[in-house]
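Shown next, in structure tokens, is the structure this report addresses.
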There are 2 protein chains.
Amino acid sequence: MSGDPATHLVHGLQRWRQRYPALQNCAVRDVLDQLADKWSVLIIIALAAKPHRFGELKREIVDISQRMLTQTLRDLQADGLIEREVFPTTPPSVEYRLSPLGKSFLAPLSALVAWTEENHGAIREAREEFGKAA
Amino acid sequence: MSGDPATHLVHGLQRWRQRYPALQNCAVRDVLDQLADKWSVLIIIALAAKPHRFGELKREIVDISQRMLTQTLRDLQADGLIEREVFPTTPPSVEYRLSPLGKSFLAPLSALVAWTEENHGAIREAREEFGKAA
DNA sequence: CAGCATCCAGGCTGATACTG
DNA sequence: CAGTATCAGCCTGGATGCTG
């Protein structure tokens with residue numbers, strides 16, 4: 001039992017939970033409020049493959065607006081998850097890449113993505129079922 | 001290298017990425033758009049310890065409003081992550097608990113929580129540094 | 001106790017137009 | 001190319017009052 005990494009993590013969650021009885025002012029909220037928006041995760045996933053220029057990101061995340069891309073990139077940079085490098089060419093080009101901190105986030109993120117993929121079907125079924133009941 | 005679970009997961013992310021070149025209509029977006037709001041994760045964490053009644057949840061997540069608690073619980077139920085049981089007592093009591101699907105979510109969630117906890121300091125420093133630069 | 005209905009302010013978000 | 005600026009709609013989310 002103690003050898004299972006998933007079980008180990010869940011136990012860690014229990015221990016963590018005792019430190020925040022009111023679920024306030026905890027790292028989860030401070031960090032997730034930033035990361036859990038509509039676009040951050042998608043940008044990080046895109047940058048996981050390789051550094052991207054602004055236009056590349058815009059083309060890959062097809063339905064993001066320029067405004068939201070700029071804004072989200074800035075927020076991710078502020079949190080130290082991505083790095084921004086400007087090349088003073090004409091026309092100018094800017095490259096975004098994951099920082100070491102950002103790369104370290106790929107591990108938990110991957111687990112999350114894998115879970116969503118595995119359980120997408122079950123969730124969609126549950127939604128339909130729930131829709132019928134209502 | 002191939003034995004490292006984290007490395008394995010990141011490789012999974014790369015493979016997954018190839019299926020969604022435009023990062024659209026993928027499970028991540030469909031699922032995360034629901035889970036990545038302000039309260040879902042906190043409710044799941046609270047329910048991870050034990051089933052809760054409505055009022056218990058309200059007291060544990062001190063700054064959630066009644067409206068948001070009701071709404072988020074309903075959404076989580078619709079997605080099949082939690083189960084709702086009504087006891088026809090007077091006054092009535094309602095119990096919420098994680099479904100098997102919800103429990104399976106604890107593994108990736110724990111990894112995420114652990115990461116936020118470990119890197120909270122680095123992120124806060126990055127924010128301050130970024131604030132000075134601007 | 002557990003919830004619903006209503007109202008309302010504020011922020012998120014996209015569309016559009018413009019700049020170095 | 002890589003942004004900035006402005007405007008307007010929508011939806012989140014809180015406050016309040018009421019019900020079974």
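In what follows, chains are A, B, ... by sequence order, proteins preceding strands, each numbered from 1. What you see is a predicted model, and the numbers here were worked out from it, not measured in a lab.
Across all strands shown, B:Lys38 has heavy atoms under 4.0 Å from sugar-phosphate atoms exclusively, and none from any base. Counting non-hydrogen atoms under 4.0 angstrom, B:Gln71 reaches nothing in the nucleic acid. Using a 4.0 Å heavy-atom criterion, one finds that B:Tyr96 contacts the sugar-phosphate atoms exclusively.
In this structure, CH2 of A:Trp39 is placed 10 Å from C1' of C:dG14, rounded to the nearest angstrom. In this structure, B:Glu85 atom CD and C:dA2 atom C1' are separated by 15 Å, rounded to whole Å. Note: CE (B:Met68) to P (C:dA5) measures 14 Å, nearest angstrom. For A:Gln34 and C:dC12, the CD to C1' distance is 13 Å, given to the nearest whole Å. The NE2 atom of B:His52 sits 16 Å away from the C1' atom of C:dA2 (whole-angstrom rounding). Rounded to an integer number of Å, the gap from A:Ile64 CD1 to C:dA15 P is 12 Å. For the pair B:Leu69 CG and C:dG3 P, the computed distance is 8 Å after rounding to whole Å.
Comparing A:Gln66 and B:Arg59 against DNA chain C, the residue whose closest nucleotide sits nearer the 5' end is B:Arg59.
Judged by distance alone, the side chain of B:Arg17 and the main-chain N or O of B:Tyr20 form a donor-acceptor pair under 3.5 Å. In this structure a side-chain-to-backbone donor-acceptor pair under 3.5 Å is present from B:Ser99 to B:Gly80. Between the side chain of A:Trp115 and the main chain of B:Ser104, a donor-acceptor pair closer than 3.5 Å is present. At least one donor-acceptor pair under 3.5 Å links the side chain of A:Lys58 to the backbone N or O of A:Ile64.
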*salt bridge (Lys or Arg N to Asp or Glu O under 4.0 Å) evaluation trace for B:Lys132 with B:Glu129*: CA-CA 5 Å; B:Lys132 273 186 256 172; B:Glu129 202 61 33; 3.8 Å; yes
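Between C:dG3 and B:Arg67, no contact under 4.0 Å exists linking OP1 or OP2 to a side-chain N or O. Between B:Arg84 and C:dG3 there is a side-chain N or O to OP1 or OP2 distance below 4.0 Å. Taking side-chain N and O atoms only, B:Arg74 has no distance below 4.0 Å to OP1 or OP2 of C:dG3.
To the nearest 0.5 Å, the span separating CG on B:Leu42 from CG on B:Leu69 amounts to 11.0 Å. Interatomic distance, CZ of A:Phe105 versus CG of B:Leu112, reported as 5.5 Å (0.5 Å rounding). Atom CD1 of A:Ile44 is separated from atom CG of A:Leu76 by 5.0 Å, given to the nearest 0.5 angstrom.
For the helix from C:dC1-D:dG20 to C:dG20-D:dC1, the axis fitted to the five pairs at one end and the axis fitted to the five pairs at the other end meet at an angle of 50° (nearest 10 degrees).
In this structure, B:Arg19 pairs ionically with A:Glu117, as a charged nitrogen and a carboxylate oxygen lie closer than 4.0 Å.
The nucleotide range of DNA chain D contacted by chain B, defined by atoms under 4.0 angstrom from heavy atoms of the protein and reported 5' to 3', is D:dG13 to D:dG20.
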